[in-house]
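Presented below is the structure to which this report refers.
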Amino acid sequence: MMDSHQKNERKNIGMEGKNWSDLWLNYKAGSSDNLAVEVRDFDQNDRVIKSAVSELKKAFADSESSFKVQIIKNEEVQKEGYKVEAVIGGSDGRTKEADTELVISASDVNGALYGTFQLIRSFMMGEDLSSVSISKAPSNPLRMMNHWDNMDGSIERGYSGRSFFFVNDDIIINDRTVDYARFMASIGINGVVINNVNVKWAATDLITTRFFDKLAELSDIFADYGIKLYLSLNFASPIELGGLDNCDPLNDQVIAWWKDKVKEVYDRLPNLGGFLVKADSEGRPGPFTYGRTQADGANMLGDVIAPYGGIIIWRCFVYNCTQDWRDTKTDRARAGYDYFKDLDGQYHDNVILQIKNGPMDFQIREPISPLIGGLTRTNQMLEVQIAQEYTGHQIDLCYLIPMFKEILGFKTYCQSENDTVADVVSGRAFGNKLAGMAAVINTGNDLNWTGNDLAAANLYGFGRLAYDTELSAEEIAREWVKLTFNLEKELEDKLVGMLLTSRETYEKYTSPLGIGWMVTPGDHYGPSVDGYEYSRWGTYHRADHLGIGVDRTDKGTGYAQQYYQPNADMYNDPKTCPEELVLFFHHIPYDWKLKSGQTLIQYIYDSHFEGYEEAKELQKSWKAFEGKVPQNVYNCVSHRFEMQVANAREWCDQVNSYFYRKSAVADEKGRQIF
Ligand code: GCW
């Protein structure tokens with residue numbers, strides 16, 4: 001198969017016309033033919049090794065020192081791991097620093113590529129390469145990006161322009177595609193789902209001859225960077241493509257249809273990683289229609305794809321989205337566990353369940369889904385969202401890595417040790433080979449890729465964290481800032497600080513203490529306290545004149561009981577429930593005393609005024625970056641902060657006025673509430 005390095009005819013956009021950002025790979029222009037790169041024991045012509053060598057030449061083009069880099073195969077290094085070491089004087093024993101040899105060792109080509117990017121990072125961050133010695137192996141076997149790109153070019157929950165994969169129901173492939181693959185490889189991503197989990201219209205045809213040629217080309221570009229292409233699948237394909245009258249996963253005709261189809265797909269796309277499936281969710285077809293279980297659906301597809309080494313990633317975002325708001329017994333938070341827990345152990349080996357971090361839907365604060373670790377005999381992976389659907393649309397600054405760290409560090413008590421979310425989703429806890437993390441991605445065809453230039457910290461951060469869950473949110477933020485901007489230390493610290501506090505700030509001016517929602521229905525930006533209160537979506541805050549919150553205890557919906565002990569008891573009692581989640585689990589009166597001594601209502605007022613002030617502070621802090629970052633970046637981010645401040649003000653005033661009007665309790669500090 002021709003690798004895409006050999007394909008010079010890709011022409012849609014020439015690199016001369018390149019106007020998009022290089023994100024954290026913004027090397028000085030050029031490519032160095034002087035840099036000596038020696039490849040030992042790997043095939044020099046391997047597509048991934050060629051990418052690594054070409055990347056090194058680009059990155060070190062401007063370097064004054066005469067490095068020699070060796071890429072060496074070492075079977076002792078773990079899969080997709082690497083060692084990067086400096087050998088002073090090189091192998092011939094001379095001792096001049098200028099002759100430092102940098103050795104990247106790995107047991108496979110992906111490891112060699114990741115080691116290459118590690119070396120490039122160290123170089124770009126100004127580390128002393130003559131003493132570099134870094135050794136890493138990925139925490140998670142699967143490290144994936146999920147695009148919610150539609151084939152008409154729109155992106156569901158996209159805040160950075162249109163799709164760079166699709167336009168007018170067709171696939172686009174150009175130099176930007178290659179850059180995308182480079183960025184993803186540079187942060188350790190090894191799988192990408194290019195299309196939205198809501199598979200409709202032309203996207204259903206992605207598994208037909210109409211798109212095989214272009215998908216093969218795309219898959220080749222990804223393969224050059226060690227990335228596998230995945231597709232989201234329409235469970236109703238046997239009906240929509242095959243003309244059958246049903247898609248019952250236990251129906252022989254349906255199974256036969258899938259067998260033929262998947263064979264056809266793998267004949268044309270032998271590198272395909274597999275399929276991601278959203279079934280029985282928010283109106284999508286699925287096995288429930290035929291009285292079958294989620295396991296019946298997932299296993300049927302798993303069996304069909306198994307001969308090709310493919311996997312089925314099955315989402316657990318299954319809940320009743322036509323709830324009556326008057327019904328206080330039904331609890332959307334319970335749904336994932338209720339639908340999937342009893343089937344634990346029934347899923348086949350090449351099926352993996354993808355579970356959102358929280359039981360609701362990517363709110364600014366949620367407890368961890370009890371399904372994670374609740375399942376002990378099933379492959380599972382964590383799904384997070386870096387597209388800022390509920391966290392400010394990439395207008396508001398919201399660095400999410402601190403949240404992801406909390407999620408990974410959560411102790412599920414699924415066994416006596418090795419029981420954190422990080423342990424479970426990495427496969428360590430229960431010995432799963434299929435395990436990992438996926439993010440709903442925040443990119444689009446905006447020239448800076450992420451709408452807000454600072455939102456690229458989440459893109460970078462997710463990949464780095466999925467590769468190495470031990471990294472701290474601060475380390476990741478600092479790396480990103482250093483690689484992306486060339487700032488003096490004081491400003492670097494300032495920006496890192498802004499990133500690190502941004503999630504708390506956002507949380508303060510939006511919905512309080514884990515209750516979530518209160519957003520404008522549909523679009524999910526800006527406040528609408530009752531926007532979802534009388535809707536069918538199962539997303540209620542239940543505020544009245546006495547208090548607020550949802551009773552999810554053993555006396556309420558029983559959701560708290562889905563956790564292992566001692567978590568179940570901890571959440572069940574408002575006195576031991578972590579305060580930041582107290583309204584998720586309890587209906588609390590406004591005069592309830594928090595640990596700080598504030599009443600609940602006073603906390604709502606205080607945190608909202610504070611959050612608004614902090615948003616203004618962020619805007620002010622950014623002014624220091626004028627002239628220190630590229631002007632277009634400065635302007636873009638300034639404009640976003642201006643919008644964030646307006647948003648924060650709206651949230652603050654609407655939430656405070658709402659609760660003042662409900663409770664009739666005045667602010668102790670006499671600030672203006674409407
Ligand atoms: O609640 C939601 C989002 C939908 C999304 C869905 C999901 C892709 O608002 O836009 O659909 O989550 O995760 O499937």
Side-chain angles (χ1 to χ4, degrees), residues 144-160 162-163 165-166 192-201 203-204 206 230-236 275-286 288 294 297-298 313-323 331-333 335-336 339-340 352-364 366 369 371-372 380-394 400 407 437-444 462 510-511 516-526 528 531-532 535-540:
M144 300 188 61
M145 291 295 187
N146 289 183
H147 285 260
W148 285 357
D149 294 27
N150 299 316
M151 293 205 65
D152 63 0
S154 62
I155 301 178
E156 184 154 346
R157 313 305 175 187
Y159 312 105
S160 320
R162 310 273 298 170
S163 172
F165 287 132
F166 306 116
V192 172
V193 187
I194 56 170
N195 64 307
N196 188 357
V197 288
N198 291 322
V199 185
K200 298 178 197 167
W201 321 116
T204 302
L206 279 170
Y230 291 77
L231 296 173
S232 292
L233 202 65
N234 184 343
F235 193 78
F275 299 116
L276 173 64
V277 190
K278 172 176 180 176
D280 288 314
S281 171
E282 302 186 328
R284 301 313 299 147
F288 282 167
Q294 298 297 298
I313 305 172
W314 191 268
R315 295 177 85 229
C316 296
F317 188 57
V318 180
Y319 68 99
N320 171 9
C321 65
T322 55
Q323 189 179 335
D331 181 4
R332 169 168 166 178
Y339 285 127
F340 287 89
I352 177 165
L353 300 188
Q354 185 168 299
I355 308 168
K356 288 191 185 190
N357 61 271
M360 297 297 275
D361 193 11
F362 301 135
Q363 302 303 294
I364 189 65
E366 283 187 50
S369 168
L371 201 51
I372 302 174
Q380 48 199 300
M381 74 192 274
L382 173 67
E383 177 180 316
V384 296
Q385 192 188 43
I386 55 175
Q388 288 174 237
E389 176 178 358
Y390 296 98
T391 53
H393 284 203
Q394 288 143 242
L400 292 161
I407 295 164
M437 290 170 67
V440 178
I441 200 169
N442 60 356
T443 53
F462 170 76
T510 56
S511 61
W517 308 95
M518 304 190 175
V519 288
T520 308
D523 128 296
H524 302 165
Y525 187 77
S528 175
Y532 275 115
S535 77
R536 63 184 173 92
W537 295 96
T539 49
Y540 316 113

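A quick note: this is a predicted structure, and the numbers were derived from the prediction, not measured. Note that ligands are numbered from 1 as they come in the structure, with each ligand's atoms numbered from 1 the same way.
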Are Q385 and ligand 1 in contact, using a heavy-atom cut-off of under 4.0 Å?
-> no
Pull out every atom of ligand 1 sitting under 4.0 Å from any heavy atom of E156, numbered as shown with elements.
-> 4 (C), 5 (C), 8 (C), 10 (O), 11 (O)
Could you tell me the separation between the CD atom of Q388 and the OH atom of Y525, rounded to the nearest 0.5 Å?
-> 10.0 Å
Under 3.5 Å between some N or O of ligand 1 and some N or O of N198?
-> yes
Does K278 reach ligand 1 with a nitrogen or oxygen that is under 3.5 Å from one of the ligand's nitrogen or oxygen atoms?
-> yes
closest protein heavy atom to atom 6 (C) of ligand 1 is E282 OE1, 3.2 Å
At under 4.0 Å between heavy atoms, what of W148 touches ligand 1? The answer is side chain
Sequence-distant partners of R284, side-chain contact (heavy atoms from CB on, under 4.5 Å), two or more places apart = N198, K200, N234, K278
Specify the protein heavy atom at minimum distance from atom 3 (C) of ligand 1: its residue, its atom name, and the distance to 0.1 Å.
-> E389 OE2, 3.3 Å
Does the gap between the ring centers of Y390 and W517 come in under 6.0 Å?
-> yes
Could you check atom 12 (O) of ligand 1 against the protein and tell me its nearest heavy-atom contact, residue, atom and distance included?
-> K356 NZ, 3.2 Å
Indicate, with yes or no, if the rings of H524 and F362 have centres closer together than 6.0 Å.
-> no
Short list, please: which atoms of ligand 1 are under 4.0 Å from a heavy atom of N196?
-> 8 (C)
Distance to 0.1 Å, residue and atom name: give those for the protein heavy atom nearest to atom 2 (C) of ligand 1.
-> D361 OD2, 3.1 Å
Taking only residues two or more places apart in sequence, or in another chain, which ones meet W314 in a ring-ring contact (aromatic ring centres under 6.0 Å, His included)?
-> F235
Can you tell me if R157 uses its side chain to pair, donor with acceptor, with the backbone of H393 under 3.5 Å?
-> no
Rounded to the nearest 0.5 Å, how far apart are NE2 of H147 and CD1 of I194?
-> 8.5 Å
